[in-house]
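The structure displayed is predicted, hence computed values, not measured ones. Chain identifiers are assigned alphabetically (A, B, ...) following the order of the sequence lines, protein sequences preceding nucleic acid strands; residue numbering begins at 1 within each chain. Only heavy atoms go into these numbers, but all of them, side chains included; no hydrogens, no water, no symmetry mates.
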Amino acid sequence: MALNVYNYLTRDKEPFNPITEGEVKMYVCGPTVYDHAHIGHGKTYTSMDVIVRYLRYSGYRVTYVQNITDVGHILDTGEDRILKGARRDRIEPMQVVETYMRSYLDDMDALKNTRPDIMPRAAAHVPEQIEATEKLIELGHAYEANGSVYFDVKSWENYGRLSGRKIEEQEESGRIETRTEKRNPEDFALWKAAPPEHILQWHSPWGRGYPGWHIECTAMATKYLGETFDIHGGGLENMFPHNECEMAQSEAMTGKNYSNYWLLTGSLTRDGVKMSKSLGNSLRIADLLKQYPAEVLRLFVLSAHYRGPIDISDDAIVAAQKGWERLVGPYNQAKQMLSAGAADSDDSGIDAIIADTKAKFIAEMDDDFNTPKAIAHLFDFVHKANTILNGDVPVAASTLEALVAMYDELVEGVLGLLPSGAGQGDETAAERQDGLIKLLIDLRAQARVNKDYATSDQIRDQLKELGVSLEDGKDGTKYRIAS
RNA sequence: GGCGACGUGGCCGAGGGGUUAGGCAGAGGCCUGCAAAGCCUUGUACAGCGGUUCGAAUCCGCUCGUCGCCUCCA
């Protein structure tokens, strides 16, 4: 079965056909770096990360571009967000940008989101944005007024195609601010004249100023991916006005389709309400990562469909944590069984189960990246694997290796859900730790044979305090390390 | 006021005209020195009211409710 995706442009699920066979050009709206990232960003970019991972797993060569907005845009109070951040932190605007961009990248790395191939910064693409604005003026889709340039929405009949909004309806709503210098209230800025005190400003054919919010994506996406590319991703809450304006000006400029597919992610709420600065209910990614492993946060995000909303609560994350430990159980157990030495052959039939799980996983992912269902199939596998691994019949090394390979391929490769950290960076330390724990397990086994349960329980309890849980089974004691 | 989503068992969340989602929590049992983990068994779910249909949680209409966007926002 081939990949099908839900395209917001048509509001329908469609077969995915890239422009160039085997290649995918993908653009995702990145963050404005004026504060630390919160878990809402985590949801959007982890969803996009899994889409990229799956496209690559499916054999596509993906070019993944995600911008960094470091120009700053006007708040309703007339204040620039980045300038506001600078004033708050008493530093230069570009220090704000650098600080929070690095913080953002740290958070994304910690969440195991694959780095985009190109992360263009808006401030470094002002000439491209001016060029795009000039072209729109030439083509009669934009006009200058008092040193600012506006896109003329009435010159582009497809305006409203993505979000489904009609200009007339906007006018009727009566909530569009009236700016006398605009021809239509809905016209949006491509370039804004800057007052002298505005720190971030550049030369332009229209005097000193700075670019409008939407034009950066047009300039950078077309520069790195071409005038028409395959996928545009981002958060659903940016569909209007940002994506709508972006698409209108891009297509007006090139006369071609902008992005063939629009994949937008649902928003994240906290205990039922959206995160916002004013409510003070933002949860920083960095703070959450102090409490939970990245994989738990990823499983939490991926356990709901990317297009849907998701509500974060303590109960939900704790449930995700328990679920994750169960999901990863057979992998850890198989690894330990392998290091302990396994049988030469068995007739567990696990090869067929693995093949079946993989086929189901792929079928679900092919259906608009249905991670909740794909993960449900993995849990079905966990159930079957546990039965085999804990049964009376010895399991062959080849069986264990096949299981580990499937986990590496799907659970880690596509979803990024295998435990990171211990053992991966420092092999000798991990081996030493493994040896020490096994030594304690042996000592405890002797104590148990002698019915010296005080000693055996002491070993178990103290290891538990160190984050190492011991589990007695038929074939001896296994351990697991808390993350 | 306009546009748009959505309302699923104690909780989180898929699915979607007749046939098991899955996870967490709970109950009983097996195993265990005791635990833990695992295994087996166990859940009268689909907001309400109408309609279409042999049959609706799934389609249509209305009502109620929640949320998002319409101003910067992932």
Residue-level proximity of residues 107-116 of chain A to RNA chain B when a heavy atom falls under 4.0 Å
none
Just distance, no hydrogens or angles: give the donor-acceptor pairs under 3.5 Å from side chains in residues 381-392 of chain A, sequence neighbours left out.
residue, atom, partner, partner atom, Å
N386(A), ND2, V382(A), O, 3.3
T387(A), OG1, H383(A), O, 3.0
N390(A), OD1, Q333(A), NE2, 2.8
N390(A), ND2, N386(A), O, 3.0

Go through the structure and list residues passing salt bridge (Lys or Arg N to Asp or Glu O under 4.0 Å) with D12(A), not counting sequence neighbours.
none
Residue set satisfying side chain to side chain contact (heavy atoms under 4.5 Å, CB included) with N332(A), at least two apart, ordered chain then number -> V328(A), P419(A)
Using atom P in both nucleotides, what's the gap between A74(B) and A21(B) to the nearest angstrom?
38 Å
For Y8(A), enumerate each residue passing the ring pair (Phe, Tyr, Trp, His ring centres under 6.0 Å) test, keeping only those at least two apart in sequence or located in another chain.
Y6(A)
Choose from C67(B), A35(B), G2(B) the nucleotide whose nearest atom is closest to any side-chain atom of T269(A).
C67(B)
When rounded to whole Å, the CG to P distance for the pair D457(A) and U32(B) reads 17 Å
How does each nucleotide of nucleotides 11-24 of chain B score, in 5' to 3' order, for protein heavy atoms under 4.0 Å: base (B), sugar-phosphate only (S), or none (-)?
--SSS-----BSSS
Pairing residues for S303(A) by the side chain to side chain contact (heavy atoms under 4.5 Å, CB included) criterion, not counting sequence neighbours
none
Test of understanding: with ring pair (Phe, Tyr, Trp, His ring centres under 6.0 Å), list the residues that count as partners of Y27(A), not counting sequence neighbours.
H232(A)
Residues which pass ring pair (Phe, Tyr, Trp, His ring centres under 6.0 Å) with Y407(A), listed by chain and number, not counting sequence neighbours:
Y331(A)
Which stems, defined as runs of 3 or more consecutive Watson-Crick or G-U wobble pairs with both pairing distances under 3.5 Å, involve RNA chain B?
B:1-7 with B:64-70, B:10-12 with B:22-24, B:26-30 with B:38-42, B:47-51 with B:59-63
In chain order, what residues pass the salt bridge (Lys or Arg N to Asp or Glu O under 4.0 Å) check against D472(A), with sequence neighbours excluded?
R444(A), R448(A)
Given atom CZ of R11(A) and atom P of A5(B), what is their separation to the nearest angstrom?
7 Å
Heavy atoms from C-beta onward define the side chain here; which of A74(B), C39(B), C34(B) lies closest to that of N386(A)?
C39(B)
What residues form a ring pair (Phe, Tyr, Trp, His ring centres under 6.0 Å) with F361(A), not counting sequence neighbours?
none
Rounded interatomic separation in angstrom, taking CG from N67(A) and C1' from A74(B)
11 Å
Just checking R480(A): base, sugar-phosphate only, or nothing, at a heavy-atom cut-off of under 4.0 Å?
sugar-phosphate
